[in-house]
Number of protein chains: 2
Amino acid sequence: MKHTSSLADSRLRDIGKRVTSQRRIVMDILASAEGHLDASEIYERARQANATLSLATVYRTLKALCENGVVRQLHLAGERHHYELDREDRHAHLVCSVCGRIWEVDSTSLSRAARAAGREFGFQVTAARMEVVGVCASCRNELGQEK
Amino acid sequence: MKHTSSLADSRLRDIGKRVTSQRRIVMDILASAEGHLDASEIYERARQANATLSLATVYRTLKALCENGVVRQLHLAGERHHYELDREDRHAHLVCSVCGRIWEVDSTSLSRAARAAGREFGFQVTAARMEVVGVCASCRNELGQEK
DNA sequence: GAGTTAGTTGCGAATGATTCGCATGTGCAT
DNA sequence: ATGCACATGCGAATCATTCGCAACTAACTC
């Protein structure tokens, strides 16, 4: 069971971290997830690859990756943080306040707005996130039927 | 020391909540703060008006106000939630990743982007927030001097 | 390839924000 | 004025996240 470890390995070396199986596992999980995951989701998946990997290691790995810009920590609605690989594309999150599902949206207008807002305030923008909360189409249908 | 309680009172009655001095205090604090506050900031200010008001009451009040759309809970960077009166204007937050200060920015483009993104996904948008992270002008100056 | 060592891990305990349980207190409808 | 459902205060409980420390191991040196 070989990993796509060359990617993870070089990223780790780039940021001056040792390559460990635990870190590879966490990075592979983030790389193969389409969206963002929270720490316990990452932990559960990681346990499938290594039954003794600890939650603390998940947190420590995420922290190290965040500090080095490899991973981004998201502050969406809810109690827990979410994490995603920093793919350098700026996108927005659409959060349905009924079912809680989250969509990712590429947003060129977000990027533009971010830069404009930053310039106006003498801000050197390094990241931008937009969270749009509302009711998704399917929930609106269900709500409509109830009435 | 009269409060501007008529506003708070009617808001509370509107959402079917009893008017208590504790709730008035919390709402007045939110109304007079220009930006957003976290729970402990609200708690500290509230204690100045009522020394026995409890932190649990602050949280319960904020929760009730959030559930009724009077207050908005923000998920900015950092561990704690922030709260602000829902003034129905859509604005963005500029977060300096060096000093941690936060600015609010009126953003008509944000509003436009949110609506557009929502429409594209059949989303009925109820709230939009944008968080722009970067380095503020004064921190950039200081960093520049160090080099 | 074995030795050394600083960086990592696992575990459980600690922390910090937020919530809950319950006995007591108090708006407000009657 | 009276009753009772809703609110509050307090401390205990919960949940995510972090820390302390002893055991482990990646990676540098010979």
Side-chain angles (χ1 to χ4, degrees), chain A residues 3 5-6 8-27 29 36-44 46-68 70-83, chain B residues 3 5-6 8-27 29 36-44 46-47 49-68 70-83 100:
Chain A
H3 294 268
S5 31
S6 48
D9 288 15
S10 58
R11 290 268 236 177
L12 286 169
R13 281 188 234 280
D14 286 349
I15 64 176
K17 298 293 174 190
R18 290 191 182 165
V19 177
T20 68
S21 64
Q22 292 90 337
R23 287 178 176 157
R24 265 209 285 255
I25 290 171
V26 169
M27 292 181 76
I29 288 169
H36 43 262
L37 301 170
D38 64 37
S40 64
E41 288 168 339
I42 295 169
Y43 175 61
E44 279 171 28
R47 300 280 287 198
Q48 295 173 9
N50 174 344
T52 65
L53 190 151
S54 77
L55 183 55
T57 295
V58 170
Y59 276 109
R60 281 187 289 232
T61 300
L62 291 172
K63 190 176 187 199
L65 295 175
C66 280
E67 286 172 350
N68 289 281
V70 177
V71 162
R72 209 181 299 160
Q73 186 184 51
L74 305 172
H75 301 261
L76 305 172
E79 298 318 307
R80 19 180 97 170
H81 293 150
H82 289 76
Y83 301 87
Chain B
H3 294 267
S5 32
S6 48
D9 289 15
S10 57
R11 290 268 238 176
L12 286 169
R13 280 188 237 279
D14 286 350
I15 64 175
K17 297 292 174 194
R18 291 187 182 167
V19 178
T20 67
S21 65
Q22 290 90 337
R23 286 179 177 159
R24 266 208 285 252
I25 289 170
V26 169
M27 293 181 75
I29 287 169
H36 43 260
L37 302 170
D38 65 37
S40 65
E41 288 168 340
I42 295 168
Y43 176 61
E44 277 171 29
R47 301 279 288 198
N50 174 343
T52 65
L53 190 150
S54 77
L55 184 55
T57 295
V58 170
Y59 276 109
R60 280 188 288 233
T61 300
L62 290 171
K63 190 177 188 200
L65 295 175
C66 280
E67 285 172 351
N68 289 281
V70 177
V71 162
R72 211 182 297 161
Q73 187 184 49
L74 305 172
H75 302 261
L76 305 172
E79 298 318 306
R80 17 181 96 171
H81 292 149
H82 289 77
Y83 301 87

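Chain letters run A, B, ... following the sequence lines, proteins first and then strands; every chain starts at 1. Predicted model only: the values in this text are computed from it and were never measured.
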statement: The nucleotide from D:dT8, C:dC20, C:dT18 with an atom nearest the side chain of B:T61 is D:dT8
field: Closest listed nucleotide, where the reference is the side chain of B:L53 and the choices are C:dA17, D:dC19, D:dG9
entry: D:dG9
Shortest side-chain distance from B:R80, nucleotide among C:dC28, D:dA7, C:dA17: C:dA17
- prompt: Has the side chain of A:E67 got a donor or acceptor atom that lies under 3.5 Å from a matching backbone atom of A:A64?
  reply: no
message: Distance check needed: D:dA5 P versus B:K17 NZ, whole Å only.
response: 16 Å
Whole-Å distance separating the CZ atom of A:R23 from the P atom of C:dG7: 11 Å
query: Taking OP1 and OP2 of C:dG10, is either one under 4.0 Å from a side-chain nitrogen or oxygen of A:Q22?
result: yes
query: Counting only distance, no hydrogens or angles, is the base of C:dC28 paired donor-acceptor with the side chain of B:R18 under 3.5 Å?
result: no
message: Side chains of B:R47 and B:Y43, heavy atoms from C-beta outward: is any pair under 4.5 Å?
response: yes
- request: Please report, rounded to the nearest Å, how far the P atom of D:dA16 is from the CG atom of A:L62.
  value: 15 Å
- request: Run the numbers on B:Q73 and B:L62 for side-chain contact (heavy atoms from CB on, under 4.5 Å), then give the verdict.
  value: CA-CA 8 Å; B:Q73 187 184 49; B:L62 290 171; over 6 Å; no
statement: Picking from D:dA7, D:dC10, C:dG10, the nucleotide nearest the side-chain atoms of A:T57 would be C:dG10
query: Using a cut-off of less than 4.0 Å, is there contact between a side-chain N or O of B:T20 and OP1 or OP2 of D:dT8?
result: yes
- prompt: Roughly, in whole Å, what's the span from CZ in B:R13 to P in D:dC6?
  reply: 17 Å
- request: Determine whether any donor atom in the side chain of B:R60 lies under 3.5 Å from an acceptor atom in the base of D:dG9, or the reverse, and answer yes or no.
  value: yes
- prompt: Can you tell me if the side-chain N/O atoms of A:H81 get under 4.0 Å from OP1 or OP2 in D:dA16?
  reply: no
- prompt: Which is true for B:L55 with a 4.0 Å heavy-atom rule: it touches a base, it touches only sugar-phosphate, or it touches nothing?
  reply: base
- prompt: In whole angstrom, what separates B:E79's CD from D:dC19's C1'?
  reply: 14 Å
query: B:H75 NE2 to D:dA16 C1': how many Å, rounded?
result: 15 Å
- line: Exactly one candidate in B:V19, B:V70, B:T20 meets side chain to side chain contact (heavy atoms under 4.5 Å, CB included) with B:L12; the answer is B:V19
message: Run the side-chain contact (heavy atoms from CB on, under 4.5 Å) test on A:H75 and B:L76 for me, step by step, so that the C-alpha distance in whole Å, both residues' side-chain angles and the decisive distance to 0.1 Å come before the verdict.
response: CA-CA 6 Å; A:H75 301 261; B:L76 305 172; over 6 Å; no
Nearest-angstrom distance from the residue atom OH of A:Y43 to C1' of C:dC11: 10 Å
field: Value in whole Å for how far the P atom of D:dT17 lies from CD of A:E67
entry: 15 Å
task: Select base, sugar-phosphate, or nothing to describe what B:S40 touches, counting heavy atoms under 4.0 Å on all strands.
output: nothing
- prompt: Does B:Y59 have a side-chain nitrogen or oxygen under 4.0 Å from the phosphate oxygens OP1 or OP2 of C:dT19?
  reply: no
